[in-house]
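Single-structure report; data block below.
Since the model is a prediction, treat every value here as computed from it, not as a measurement. Throughout, protein chains are lettered first and strands after them, A, B, ... in sequence-line order, and every chain is numbered starting at 1.
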Amino acid sequence: MSVQTLLYIGGRLVKGAAVLLVIAIFNFFLIRMAPGDPAQVLAGEAGATDAIFLQQLREQFGLDQPLYYQLWIYVSNLMQFDMGITYRQQMPVFDLIMDRMPATLLLTGAAFLLSLLLGILAGVVAAAKHRKWADSAITVAALIFYATPLFWLAMMAALFFSVYLEWLPSFGMQTVGQDLTGWQKVTDIALHLILPASTLGLFFTAVYARMMRTSMIETSRLDFVKTAKAKGMKPSRVTTHHILRNALLPVVTLAGLQAGQLIGGAVLTETVFAWPGIGRLMFEALFQRDYNLLLGVFFVSSAMVVIFNLITDVIYCVVDPRIELSK
Amino acid sequence: MNVIKSLTQNKVAMVGFGILFMFVVIALFGPYLYDGSPWRMVQRPFLPPFQNSNYILGTDTLGRDVLAGLIYGARISLLVGLVSTTIALLIGIPLGAYAGYYGGWVDEVLMRFTEIFQTVPSFALAVVLVAIFEPSVYSITGAIAIVSWPPVARLVRGEFLSLRSQEYVLAAKLNGQTNRNIIMREILPNSLSPIIVLASLMVASAILLESSLSFLGLGDPEIMSWGYMIGAAKTVIRQAWWLSFIPGIAIAITVLSLNLLGEGLNEALNPKLSGKRES
């Protein structure tokens with residue numbers, strides 16, 4: 001790697017850290033805007049906490065100190081992954097979120113890959129059959145899934161595939177009461193994953209299919225494609241070797257940038273399917289009016305997006321050196 | 001008037017417009033024409049649709065009229081969609097205009113600020129904002145506006161960047177027109193068409209966002225909305241699937257009609273860009 005590349009990655013790291021710092025400060029002020037006194041908000045329970053615990057919190061977060069000092073304590077605690085304790089679960093907020101993290105990573109990762117693959121495939125087919133029925137069918141399907149509320153689609157999928165057909169489980173991540181091990185456990189989780197991942201992925205499949213279709217059609221009008229055709233190359237080879245390769249990059253770039261939206265969608269999908277991830281945790285925090293936990297999940301999910309964007313940036317920088325030069 | 005002509009010739013866009021118009025009429029006059037409160041218990045609970053001619057779409061878990069709920073829900077969906085988009089435009093257009101027109105450090109600062117909002121997962125931010133400021137029409141509309149302005153700012157900045165060195169802008173500068181005048185009277189009117197297209201799509205996504213928020217229980221407790229109806233029927237989906245099915249269809253049709261209209265507008269306003277004309 002060149003010095004330039006390292007500098008670029010370093011710059012991205014600084015930028016990511018700056019974004020997280022701003023979000024941390026934002027969170028600090030939001031805690032003070034939440035109903036109830038900040039100590040109670042931090043305790044995660046409005047009204048029903050015992051006085052000694054509240055006093056401890058006041059001291060820990062310096063709530064009797066000036067505001068700038070409180071901010072300093074809050075941010076430096078956050079940098080050490082200390083987000084306080086949820087009173088109800090008697091557990092550090094950060095540990096609770098990390099407990100739930102693998103489930104969310106599995107769900108969003110599966111949904112992302114699924115939607116990217118399906119979306120690209122559908123987009124390529126639609127563009128290749130431009131203005132034929134396959135194109136119209138894919139375009140119409142994409143329009144419909146694009147307009148359907150994600151949570152509703154999830155409920156209808158659960159109703160159809162789980163309640164009516166009884167094919168797939170629609171609750172939780174593993175079958176309750178069975179201590180499965182090895183491959184049986186993997187299969188069990190995979191079966192539970194199908195419905196949440198595909199409903200979460202469908203919306204994004206629609207988005208990527210539309211982008212891919214446009215990108216393919218635009219690329220196919222460029223001069224080098226005409227040259228390839230004029231040389232007498234087979235149309236299928238022109239599509240795969242010339243158009244597809246060049247149409248792919250803008251779509252993958254946009255997909256990477258939009259990956260953060262998956263986290264938002266995960267809140268809804270996990271709520272419907274009782275998937276034990278941080279989205280479900282966010283819903284539980286809402287339900288229990290645990291604002292500190294809510295903001296903790298918000299911070300960690302923002303951090304996930306920042307990290308993900310960083311990884312895509314670095315991958316691009318390595319794969320396609322032109323990107324680095326153009327910035 | 002070319003735009004209107006090309007829009008009226010676009011069948012798909014007109015279907016979208018027709019459906020949307022119907023929902024607007026329902027939202028405006030429905031509550032006066034259809035006698036019934038969405039909150040009052042009128043019949044036995046779980047009355048299936050098409051069984052009682054007085055309550056065509058049946059009743060919910062508490063025996064409330066589903067059709068009345070739909071009619072009042074159309075109101076809040078369209079209202080929140082329109083108002084939040086207007087606010088998002090009022091934030092995004094000036095930000096983008098200043099960034100694109102002045103460039104340099106102004107652009108740098110404003111775009112860094114926009115980037116932060118683009119990085120944060122927008123739905124999670126909306127959930128946090130509504131929860132902290134307590135669910136109400138105001139907090140919901142505000143939260144949706146706050147998470148949806150960044151694309152506007154980016155779009156307007158791009159337009160201003162490419163238009164600011166056009167000859168008519170330079171002429172206006174030589175004329176001694178103020179920057180404010182140039183921004184408002186010269187450049188903005190020329191960048192309106194992509195903004196209009198984006199705005200119609202934003203109303204659609206705002207409606208989806210509103211329904212998602214009320215589905216999670218973050219709706220205004222005083223107002224019946226489609227998302228709330230689905231959320232309330234979630235636990236009884238095995239007994240009464242239609243209770244969650246019907247409002248979902250209403251949301252999907254409204255959003256679809258807005259998207260169709262948006263695409264039609266796009267083709268009518270930017271015939272070169274949409275790429276559908278040739279080939």
If the threshold is 4.0 Å, N to carboxylate O, is there a salt bridge linking E270(A) and R100(A)?
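Salt bridge absent between E270(A) and R100(A).
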
Considering only heavy atoms and a distance below 4.5 Å, find which of [options] pairs most often with chain B.
| options | value |
| --- | --- |
| L294(A), I263(A), L268(A), T148(A) | L268(A) |
| L30(A), L150(A), V19(A), L295(A) | L30(A) |
| N309(A), I144(A), V163(A) | V163(A) |
| L286(A), L262(A), V297(A) | L286(A) |
| A303(A), G16(A), S301(A), A266(A) | S301(A) |

Considering only heavy atoms from C-beta outward, does the side chain of M156(A) approach that of T199(A) to under 4.5 Å?
no

I want to check something: taking the side chain as every heavy atom from C-beta on, are M155(A) and I230(B) in contact at a cut-off of under 4.5 Å?
yes

Using the test side-chain contact (heavy atoms from CB on, under 4.5 Å), find all partners of A233(B) that sit at least two apart in sequence or belong to another chain.
V236(B), L243(B), S244(B)

Taking the six-membered ring for Trp, are F23(B) and W226(B) parallel (under 30°), tilted (30 to 60°) or perpendicular (over 60°)?
perpendicular

Using the ring of each side chain (for Trp, its six-membered ring), is F308(A) parallel, tilted or perpendicular to F112(A), with breaks at 30° and 60°?
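Geometry flag for F112(A) against F308(A): perpendicular rings.
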
Side chain, backbone, both or neither of [X] within contact of chain B (heavy atoms, under 4.5 Å):
| X | value |
| --- | --- |
| M282(A) | side chain |
| I23(A) | side chain |
| F26(A) | side chain |

Where does [X] contact chain A at under 4.5 Å (heavy atoms): side chain, backbone, both or neither?
| X | result |
| --- | --- |
| F133(B) | side chain |
| I253(B) | neither |
| Q118(B) | neither |

Taking [atom1] in [X] as the centre, count heavy atoms belonging to other residues, nucleotides or ligands within less than 6.0 Å. Is the count above 12?
| X | atom1 | value |
| --- | --- | --- |
| Q239(B) | CD | yes |
| R238(B) | CZ | no |
| F17(B) | CZ | no |

Output the residues of residues 196-214 of chain B for which the shortest heavy-atom distance to chain A is under 4.5 Å, in residue-number order; output 'none' if no such residue exists.
L208(B), S211(B), S212(B)

How far apart are the closest heavy atoms of M216(A) and A247(A), and which atoms are they?
SD-CB, 3.7 Å

Do the side-chain N and O atoms of Q261(A) and S122(B) include a donor-acceptor pair separated by under 3.5 angstrom?
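Judged by distance alone, the side chains do pair up.
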
Please determine, among L125(B), I116(B), V120(B), the option with the most heavy-atom pairs under 4.5 Å with chain A.
L125(B)

Answer yes if the ring centres of Y146(A) and F203(A) are under 6.0 angstrom apart, and no otherwise.
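That pair passes the under 6.0 Å test.
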
